[in-house]
Amino acid sequence: MTNPDQFSGNDLPDYRPAAGGIAARARAATLPAYLTGLNPEQSDAVQTLDGPVLVLAGAGTGKTRVLTTRIAHILASGRARPGEVLAVTFTNKAAREMKMRLGQMLGQAIEGMPWLGTFHSIGGRILRVHAELVQLKSNYTVLDTDDQIRLLKQLLAADNIDDKRWPARMLAGLIDGWKNRGLTPSQVPAGEAAMFGNGRGGKLYAAYQERLKILNAADFGDLLLENIRLFREHPDVLRQYQQRFKYILVDEYQDTNVAQYLWLRLLAQAPSQTSPRARGEVGSHSDPGEGAPPQIADSQLAETPPHPTPLPARGEREQAVALGENAAPPKNICCVGDDDQSIYGWRGAEVDNILRFEHDFPGAKVIRLERNYRSTGHILAAASYLIAHNEGRLGKTLRTEDVDGEMVTVTGAWDSEEEARAIGEEIEQLQRQGHALNEIAILVRASFQMREFEDRFVTLGLPYRVIGGPRFYERAEIRDALAYLRVINSPADDLAFERIVNVPKRSIGDATVQLLHDHGRRRRIPLYEAARAIIETDELKPKTRGSLRDLMMSFERWRAQRELLPHTELAQIVLDESGYTEMWQKDRSADAAGRLENLKELIRSMEDFENLQGFLEHISLVMDRDGGSDEDAVSVMTLHSAKGLEFDTVFLPGWEEGLFPHQRALDEQGRAGLEEERRLAHVGITRARKRAKLYFATNRRIHGSWTTTIPSRFLDELPGDHVEITESKGGSGWGGAGGYGASRFDDVGAFGSSYSTPGWQRAQANRGRGTGSGFSESPSSFSRGDFARKRAPLTIEGELVAKSTGTQSEFSLQQRVFHQKFGYGEVVRIDGNKLTIAFDKAGEKKVVDSFVERV
DNA sequence: AATCTTACAGTTTTT
DNA sequence: CTGTAAGATT
């Protein structure tokens, strides 16, 4: 955040005047300050306030700036008050950033925008107000995926369905998919509903929805779907919101799914047009009926190649049209997105939404932002050339006024280990040249690739940070703690009760829980009440009965204390008295300390909320992953989680067929899958400001065994003029390839063939002068020995010693140590500041001493 | 009820 | 090969 380059990106206080000339200056004189410094297209996007607008904002073209400025303009020009503007994003992070930038732009003059948030938080908020209309109470619980699956497991068990053959996870996926497409149980096409559990999928979905109502709970999908149902069944409520929202803004429109699209359409309609017909016909209209022939809903399942020209309307859209939702002239809705960055098709995002915007919102104005302020010329050219291979796109050409800069590099490595080694060295070199590690990222296709980098960085002592992984509230310890609080807040929360009844272990096993379930079901009471009743009987073994009674008494006590104590203090007491904290204190595994730290963080975060109820309401919707530390460290993450971020230097390893593009995407989605993978590649390259470095390995371990791979077709799709083929650090593109004899050439041949393509040959011809040998040169002149020799003189050690905690005598052989990642172990060898440690669980590892502590 | 053993799968992720 | 989850064992 301290990098000066930051402002060459979206913020642009110093936008080059080339764009406007006299006209721009004239505008600047009459318009408010926030409008100055926008380029003509941006300015257009900000000031076209009436009617539907689609802003196609390529990577690094100032998308967020346009959105925030547009809101500022709406507010400052007095066209609407903050409460009359609906602005939706996908992530809390994006919402927070917009709020922040809006605040900066407008000063403190305007109170925070109440309707700026994620689809889910806004949907959830509307739902709380009208909960009774959809058979919920306003204090309903939001279930996460884990709760969802456990609930489904119970339903499967109740229906005697073998959850080996029909896993609950799969059903959860199906239900999510249906909800993403805006389908209630009765609207699911019969063919699809029959696909699960010998035709019982549809019934299970219905049963699940019913059960949710009884538990007073909603899953993530419901937050939107129940909103749609609410709006359709209660036109008066819909009208209220249509009147309220004078302006609607949508971020990342290419990522919207059908449900989100329907939700937006309903809200974007002019208030007077609410169709009274909508009420009764929702269910019956598209309901194929129970006995209908299994139509495998081709329109929904078969891949529909995206195409800019009008497409056949798809099922859900037809439905919207049939309900009269298409009739009204759309209001002032502005969607911002980039079809070239649509990478979430697999979780329900419909690229069609953005491709068909003009069709869906007649009279829409489409504005293209094509001036890129992030990347240098070569990087942009490479990314543009690559993405041009996609057919289903609206078409944009990114331009920059920046210098060409460094070429994009492509480097081959013998195997993934060498790939990691080479990248590690490049990073160390950058570090020695004074580049901040914070400005370096490694973006992988699949998370298993991260491991090799982590291992390498641990040995090098190079600080790194893994982005992504389990979210804060998804961690077991957080969910356990929350479950305790949920039971205190709402004794009817069976899922929460079940989760912690035997955590920590209190000898209340499955048998006992089953007994509680039976009891509860018979008397139609929650598990909590069942437990209270059963400890008065002698149905349980004395030991179990005693321990359950203790737990119940604790809960009663905590509930009484709830009125007297601040909720943070209560949480502390609950965790201590339940033995939960103690459980982790006694745990000697590597991550126990971290878990205790997380629990502390949870309590800290509770302070931001007024009371327990408020905290629980928000935790599942607006709790973000722990804010990254501010240490200087290399970021390691997946390409997906890199969307929206930018770095000076970006390393993109693993560009091999099968991995990237991923085989599964190809197998399951065909050409659409390939195009999405290509968009992912485009996203990856455009994350880089100054350096994009692509890698492929000839050999990679997949599912344990070594597999020879061929370089990704995407490498062939790069423009030769902007790409440089380099050698892996230490002398050879093959690094350690030497010494393996003829078989190696077989492998080279395999990949060489894919390099007979024009793009590749251009690339080779182009890099002729200066840079040294390329792939055409025999790699046999290099060997592992060469590699090692060239590595030796590097003074990494010198730097690391300076960073390490102290003298090397701090550790001795057989010393017991603790490492944040690998846990406990014993020192078996010492080389300067590098220790070889036999970890109890992780095996033998080489680690820099500053990363371990004595026990 | 807790621990050990075996089977099995194994992109991408937000809310 | 490795981590998880369900099943078998004590």
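Here the structure is a predicted model, which is why all the values come from computation and not from measurement. Residue numbering restarts at 1 for every chain, and letters A, B, ... go by the order of the sequence lines.
Of the side-chain N and O atoms in A:Ser641, none sit less than 4.0 angstrom from OP1 or OP2 of B:dT12. Applying the 4.0 Å criterion to OP1 and OP2 of B:dT15, one finds that A:Asn92 has a side-chain N or O inside that range.
Residue A:Asp510 is in sugar-phosphate contact alone, with no base atom involved, counting any heavy-atom pair closer than 4.0 Å across all strands shown. Heavy atoms of A:Phe119 sit nowhere under 4.0 angstrom from any nucleic acid atom. A:Glu474 comes within 4.0 angstrom of a nucleotide base, judged by non-hydrogen atoms across all strands. Contact annotation for A:Ala511: no contact, since no heavy-atom pair falls under 4.0 Å across all strands. Within 4.0 Å of A:Glu677, counting heavy atoms only, lies at least one base atom of the nucleic acid.
Sequence order on DNA chain B of the closest nucleotides to A:Phe448 and A:Ile508 puts A:Ile508 first from the 5' end.
The side chain of A:Thr118 lies closest to B:dT15 when the candidates are B:dT13, B:dT15, B:dT12. Closest to the A:Arg445 side chain, of the nucleotides B:dT15, B:dT11, B:dA2, is B:dT11. Nearest nucleotide to the A:His120 side chain, out of B:dT15, B:dT13, B:dT11: B:dT15. Closest to the side chain of A:His640, out of B:dT12, B:dT15, B:dT11, is B:dT12. Set against B:dA1, B:dT11, B:dT13, the side chain of A:Thr512 has B:dA1 as its closest nucleotide.
Computed from coordinates, the A:Gln254 CD to B:dT14 C1' distance equals 14 Å when rounded to whole Å. Between the CD atom of A:Glu668 and the C1' atom of B:dT11 there is a distance of 9 Å, rounded to whole Å. Atom pair A:Tyr344:OH and B:dT14:P shows a separation of 6 Å (rounding to whole Å applied). Taking atom CZ of A:Arg679 as the reference point, atom P of B:dT12 lies 18 Å away to the nearest angstrom. Taking atom NZ on A:Lys505 and atom C1' on B:dT3, their separation rounds to 10 Å, with Å as the unit. Here B:dT13 presents its C1' atom at 14 Å from CG of A:Asp144, a figure rounded to the nearest Å. Rounded to whole Å, the distance from CZ on A:Phe220 to P on B:dT15 is 8 Å. Nucleotide B:dT13 holds its P atom 20 Å from the CG atom of A:Leu621, rounded to whole Å.
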**Item:** Protein-to-nucleotide contact annotation, 5' to 3' order, nucleotides 1-6 of chain C [B base; S sugar-phosphate only; - none; under 4.0 Å, heavy atom]
**Value:** BSS--S
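A:Tyr344 pairs by the ring pair (Phe, Tyr, Trp, His ring centres under 6.0 Å) definition with A:Trp346, A:His640, not counting sequence neighbours. Partners of A:Thr89 under the side chain to side chain donor-acceptor pair (under 3.5 Å) rule, at least two apart in sequence or in another chain, do not exist in this structure.
Checking A:Gln260 against A:Asp255 by side-chain atom types alone, no donor-acceptor pair falls below 3.5 Å. With no hydrogens or angles considered, no side-chain donor-acceptor pair links A:Tyr261 and A:Asp352 at under 3.5 Å. A:Asn216 and A:Asn139 form a side-chain donor-acceptor contact under 3.5 Å, judged by distance and modelled atom types alone. Checked by atom type, the side-chain pair A:Gln449/A:Glu419 shows no donor-acceptor distance below 3.5 Å. Inspection of the A:Tyr580 and A:Asp480 side chains reveals an N or O donor paired with an N or O acceptor under 3.5 Å.
Nucleotides B:dT13 and C:dT2 have their P atoms positioned 22 Å apart, rounded to a whole Å. For the C1' atom pair drawn from B:dT14 and C:dG3, the interatomic distance equals 24 Å after rounding to whole Å. Here the separation of C:dA6 from B:dT11, taken at their C1' atoms, is 24 Å to the nearest Å.
Base orientation of B:dT12: anti (glycosidic angle beyond 90° from 0).
An aromatic stacking contact links A:Trp346 with the base of B:dT12, defined here by ring centres under 5.5 Å apart and ring planes under 30° from parallel.
The existence of a salt bridge linking A:Lys63 and A:Asp338 is excluded, since no basic side-chain nitrogen approaches an acidic carboxylate oxygen closer than 4.0 Å.
Under the ring pair (Phe, Tyr, Trp, His ring centres under 6.0 Å) rule, A:Phe119 has a single partner from A:Trp263, A:Phe220, A:Tyr253, which is A:Trp263.
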